[in-house]
Each structure stands twice: as C-alpha cells, then as structure tokens.
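Some notes on the structure that comes next.
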Amino acid sequence: MRKKILENEHGACFPDKPYFPMYLGNGVDAMLVNVTGSGNPWSLAFAGRFMQAVGWYKCDRRTHRNNKLVYGVMLPLLDFTSHAILNGDTAVPRDTEQVFDPRKATLTTIYSQVDNQTLARMRVRVTTFLTADHVLVERYEILEAPPCGVPLRFTVQSPPHHHLNLSRNVVYPDRKTMAVDADETCLRYDFAYDEERLHGRALCWTDAAIASARIVDEDDTGEWQCVRGEIQTRALHAGDAVVRYLAVLDCVDDPDYQAALDRLMESWRANGYALVRAKHEEDWDGYFGRSSIEIPRPDLQHLYEVSRYVIRANHHPRLGYQPVGNLPYLWGGAMFWDASFALSAFLGCGHREEAFRMIAFLRSLLPQARALARRLSAAGARLEWTTGTRDFTPYPDTVTQFHNNSVWAHAVYQCYAYTGDRAFLADAIDLMEELLVFMVDRCVVGHGDYLVMGECEGIDESVSQPKVNDTWTCAVTLKALEEYRCACAVLERPSRIEDLDRIIEGLARGLDANVDRDGVLQGFAGGKLPHWGCLVFDLFPEHPALEPTVREMMKNRDAEMDVYNFHAVTRYAEKGFPWAQYWAVRILSRTGNPQASALLDNAAESVGYFGSIPERVWYHGEFVNEWFSTGSAAMVWAVHGLLANVTGGELRLLSGAAHAWKDVAFSGIHAGSGIVVSAKVLGGEIEALSIENKMAREQMLRLRLGEELIGDGLTLQPGANRLSAGGRLVD
C-alpha cells in the first residue's frame, strides 16, 4: 500500500496519517512544534505522553533530587508560544497546512482564521527552524489580513503548574525571573534548577516594530506562580513579514552564557534573517551532501530523508552522545545500546565523524565501566544499560542485561570495516577489548561440549525465570569476538583473551544449539516462539536458520491492521515494533529475498504526519513514543541494505528490491567491507556504476544486480573503480 503524500516547494507530509507535532532538534536542544508553527499554547488539548514534553528541553538536563525514577526527571526549562491576534483574541488556527523539508530542517505552516465581525480572512505563513547555535527562528508572513490588521504575540514563560503536574515527579525551578530590556524589544528569562547546579537564560527578540511588551505573573493554583513575558507587534497587514528569535543557553552550554547570548543576539540582529537562514541551510546541505538516493517512491524517499534528519537531530555535535530522543517521554532522554542503529545508519551515509564520535564518547566512560565491572567481580569494563552524557544511569538494583557490551564492541570493528581506517581501530581497540574481556569473564560458561551465555538477563527480560543461553547475547558476543580476532590480526597485536579460538568455536556451537528441529532459531535454549532476539542474521547472513526463522516470525501478524510483530516478547503490549521490522528488512536484503521491499513498504505504514516513526504500535493501531530515533535509524539502515550491501564476498545491488525499484540512483552509499557505491539504474538496467575501495588492499568481489550475477571475480584496487553497464571494470 502506498501512503498518500503531499509535496510542495516547502517540503512534504503524510496528510492521511495521525498528526503529532514536529520534533526539532540540534543534538542539544529539543522541542515539539505544533499547528501554530511554534510551541504549544493549548497543552491541555493534547493527550498522552506529548503532554509531558511541552516546552524547551536540553540534552541530559535532569535531576535525581526528590524522585525515584532511574532516569531522573528531565528539566522543562521554559514554555514558549507565538500566535496571531484577531480583534484582541487569540486566533486559533483552522485550515492548517504544514510540511517539513528534512534536507533544510525547516517546517512551513500556513493557517487561517475568519474574523467573526467582518468575515475578513486572516492567513499567515510561518517558517520555523532550530539552528546549531541554540536559536529557534520563526518567520511570519501575513498573506491575508482584515482591515484592522493582525498583531502577533510572542510569549516566554516558566513551565506552568498544569504542565509540570503531568509528570509523576514535579520539578519546579528554584529561581525564575523575567525582564524586559530598556528599549522593550527583548524578553530576558533567567532560570535555575537543582539547587542552582543548572542555570541559564533565554532571550526572545524580534525584528518587528513593537506595540507593547510586558511581564505577567500568574498564580495558577495558589501554591505555584508562573512568570510570563509577552511581546506584541503592531498590527500587520498583507505583505508584511516579521521574525521572532528565541535563544536559550545554560551553564553547560557555556559557563559565561549571559555574555554569549548577548553576543549572539547582537550578531544575529546585524546579519538579518536572510543570512541566518542561509547558514542554517548550508549546515544541513553539508550533512545530506555526503550521500544521496533517488528511489521511485516519493513516500519512502521522504521518510528516508526525515529519518536521516532525526538521527542527526539527536546527535550531540561535540560529545557524540546519541539518545533515543531528547524529550522526557522518549525514555528519559537516555542513551541505550540501540544507538548502535544510528551508528550503522551514519556509516552507511558516509558520516564517519558522527560514528567515530559515538565510539569516542563510550571510551570516555571507560573509567566508570572498569569500576562497574569490579563491583560485579569481573575483569574488563561493563557499560551500564543506559547512560547520560557524563554518568551511568544510577539503577537501584544490578542490571544483568549485558549484551550492550558486545554490541558496542561490534560497533568498533564496524567503524573500521566501513571506512578502512586503521588508525581509528588502533585508537579504539582498547574499548572493544575491555568490553569483551568482561563478557568472557562474567558471562561465557561451559555447557556440555559447547559454550553458552550465563548469568545475564535475556532479551525477553524475564527476571523471574532466567533463560539459558540468550540468543542475541550469544550471537553478538560471538560476532564481536570474531571481529576482535580480526582486529588483533590487522594491528599485529596479541589478544588479551586467552583461548580466543576455543571460545569462538564453543559459542558458535552454542548458538547453533538454539536452532530447533524445524531449523528455526529460537530466542533461548528450548524456546518455542522466536522473538526479536533471534534477528541475528545481519551478523551472520549465511546462517542456514535465516530464512526459516524470518518466515516463522512473519506468521506473527495482525491481519486486520496488516501489522507484523517482529518484537514478540511476551511481556510487551504491542501490535508491532517498526524498528524490529526494519531490522528484518535489512536481514532479508543480505540474501536478496524479494520480501524485503514488501516488508519495508509495510513497516512504512506505521508513520506519523511528518514522518515520525513510533517505538511501537499499540493494540488498536495507536502509536506510542513517536520520534523514536531507533526506528528512524533502522529505516535508513534497511534502505541502505536494499541499495547496496556486501555479503559473503558479493556486492549486491537492489538486493530484494530490483523487482520493485526499476529506476534508482544513489551515490556515496557505504555497503560494508570498505566498499562505497554510486550507481544509476534505469528500467532495471545499470546505466552507470562506480565503486570506491577504501581498504588499503585490493578486494575481489562478485557483483549481483537483484538476483542476477553480472560480474564475477572483480578485482577492486584501493581507491576509485569504474565499471561498465555490464559489470566489467573500466580502465
């Protein structure tokens, strides 16, 4: 089924899909922007978890004071709104049109309202974007206006009581003050939380002529006072345009944030909107320019580009911290193991800096990880299940899910395998090594004539009935150990893990022992119903259990809603987890199975109005935890697999999609094994093809387009290699 897509010169959306506000982020700042093109002035009109995410948040600004939540409470720094005024009243939007351009990270909103006294129409276009230097920009163009004109009101306020009370643990600012500067063109809001450990300032200014500016104190409940500042422009008429800027910095962004904000405002006022927008678009053009794809499905094309936007919107540009999102409902803004999906997506697009930065972030946690391993009476280093930007999540009880150690060890070698960067591998192998030393010391145990994973909580997360030999933990540890052995060979250094070959061989037999008599890989020894922990085949695409296992998992489908559940853990309530289905698409692309593109199409139906991918689909089809970046990263990763992947000495183009995508062009797609591919396919035939070999050695590969072998024994020299339409090397 193809989703309806609305496209124009400003972007696109899926008008038939459920509306959820647009997520704007720059890796530090994050917010939801609604139908006004600004913050949410009617927070009580929206239900669900969105209500816990109104306002402006920053990455890992949280408190553990006076609460028992393991992630702590993300601090709501401020609320903000902008809206048009019609005859003195707030003009609630109607006939709203909104589209998002991911390549420019810009939201365009058009809304209107009719004056009930004159029937004159007000119509406004809002262009909204968030810059890398912490400034939210909203440009208002008056398209139509009644004779009396349309003023605009811009507000900044401390989080009001009704907003804060939505959280289980209410966090009030310790200090909040609002001021209007002398010439009444700027609001200044100062805030402090957590006994002044976090403090910062917001500046709100406009390039418009000001009619009024004032400070309002509102006592919502008798026990909590909200402070609000308002700037109102003069009446605007058709053809007028004004810009509102809102910048927020705190002591984590810059110890001298007050002076930094003053310099920022002065610079922006001098440069003007045109230069500000050009710089913002140049920044995002550079990001998207690393690679590109053109597939014959506008809906999938847009979803892919929105997904690329989302993973970068959550990537801390300095630290490499990669949470599932920077809003409270997105699992507290913490970083999990599944940030590795974002690393895989970054690598596929050629974003080595972002991927390497993520590994560097994890290396910065090694002192804590070594200390945690000691507390668990084990050697090596243990990454906690989740982490913030500086510290591990302080769990009250020991978490014994250890597979994230092996996932990140695998990610280290993945960075080398995609880029051929030996210097990176030499620098990062200490992380890989210590994570695996812990796994071998703590988790690998004998079980007859093979080895299994013991003393850890499995993917099914059962603490009351621990399972033997969790499949995902076993498989990713086995793969990471194999890659560690390769890394030692590349760097010509000895292994710190004794009997490495024996352990690898024993775990391989242990993994195979989890395959049942029908050839289906189960989630643990003796399992009967495969779940997402069986999706190990991107690691082992030549494993004989791949096709039987995926085929069995596809039986777990809700026929009425046409939703597959590749997650399938008993203790979870869901109809489907889109990120797990994209993972299955990736797996099938490694074998050329034509069901891969069909499963991609199906997964892409679980998408929001702007292209948000939820964590899960609930019982009646409703989405939970929209803008869940793991889903976006998995979508990008799956598409890369369909375009180009290297499996078993074979470069596969349009693997699992050649029957559906006849006209395709892409450039700069990293396919694995140091291979970077650019190609153009018309009518199912190759028109142009070039392959870059980033390894320092020549590689011999077979070349396959769809199911057809078109080149055998191709010797690719380091650097650029151009091929003919017939798959032959061109001198």
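The first residue in the sequence is number 1, and the count goes up from there. Everything quoted here is computed from the prediction, not taken from an experiment.
- Between Arg616 and Glu574 there is no salt bridge, since no side-chain N of the basic residue sits under 4.0 Å from a carboxylate O of the acidic one.
- Shown here are the ring pair (Phe, Tyr, Trp, His ring centres under 6.0 Å) partners of Tyr304, two or more places apart in sequence or in another chain: His640.
- Applying the salt bridge (charged side-chain N to carboxylate O under 4.0 Å, His left out) test to residues at least two apart or on different chains, none of the pairs has a partner in residues 625-638.
- A salt bridge is absent between Lys4 and Asp299: the closest approach of a Lys/Arg side-chain nitrogen to an acidic carboxylate oxygen does not fall below 4.0 angstrom.
- Ser606 is linked by a side-chain contact (heavy atoms from CB on, under 4.5 Å) to Pro578, Val617, Phe623, counting only residues two or more places apart in sequence or in another chain.
- Under the salt bridge (charged side-chain N to carboxylate O under 4.0 Å, His left out) criterion, Glu707 pairs with no residue, sequence neighbours left out.
- Residues forming a salt bridge (charged side-chain N to carboxylate O under 4.0 Å, His left out) with Asp421 (at least two apart in sequence, or on another chain): Arg352.
- Take Phe356 and apply the ring pair (Phe, Tyr, Trp, His ring centres under 6.0 Å) test, not counting sequence neighbours, and it matches Phe424.
- Pairs engaging residues 335-346 under the side chain to side chain donor-acceptor pair (under 3.5 Å) rule: Asp338-Thr630, Ser344-Gln414 [sequence neighbours left out].
- Applying the salt bridge (charged side-chain N to carboxylate O under 4.0 Å, His left out) test to Asp663 and every residue at least two apart in sequence or in another chain returns nothing.
- Legend: residues meeting side-chain contact (heavy atoms from CB on, under 4.5 Å) with Glu622, ordered by chain and number and at least two apart, are Trp618, His620.
- Within a 6.0 Å sphere centred on NZ of Lys17, heavy atoms belonging to other residues, nucleotides or ligands number more than 12.
- Counting only residues at least two apart or on different chains, the side chain to side chain donor-acceptor pair (under 3.5 Å) pairs with a member in residues 665-687 are Ser292-Ser667.
- Among residue pairs with one or both ends in residues 318-327, those qualifying as side chain to side chain donor-acceptor pair (under 3.5 Å) are His315-Gln322; sequence neighbours excluded.
- Qualifying salt bridge (charged side-chain N to carboxylate O under 4.0 Å, His left out) partners for Asp285, counting only residues two or more places apart in sequence or in other chains: none.
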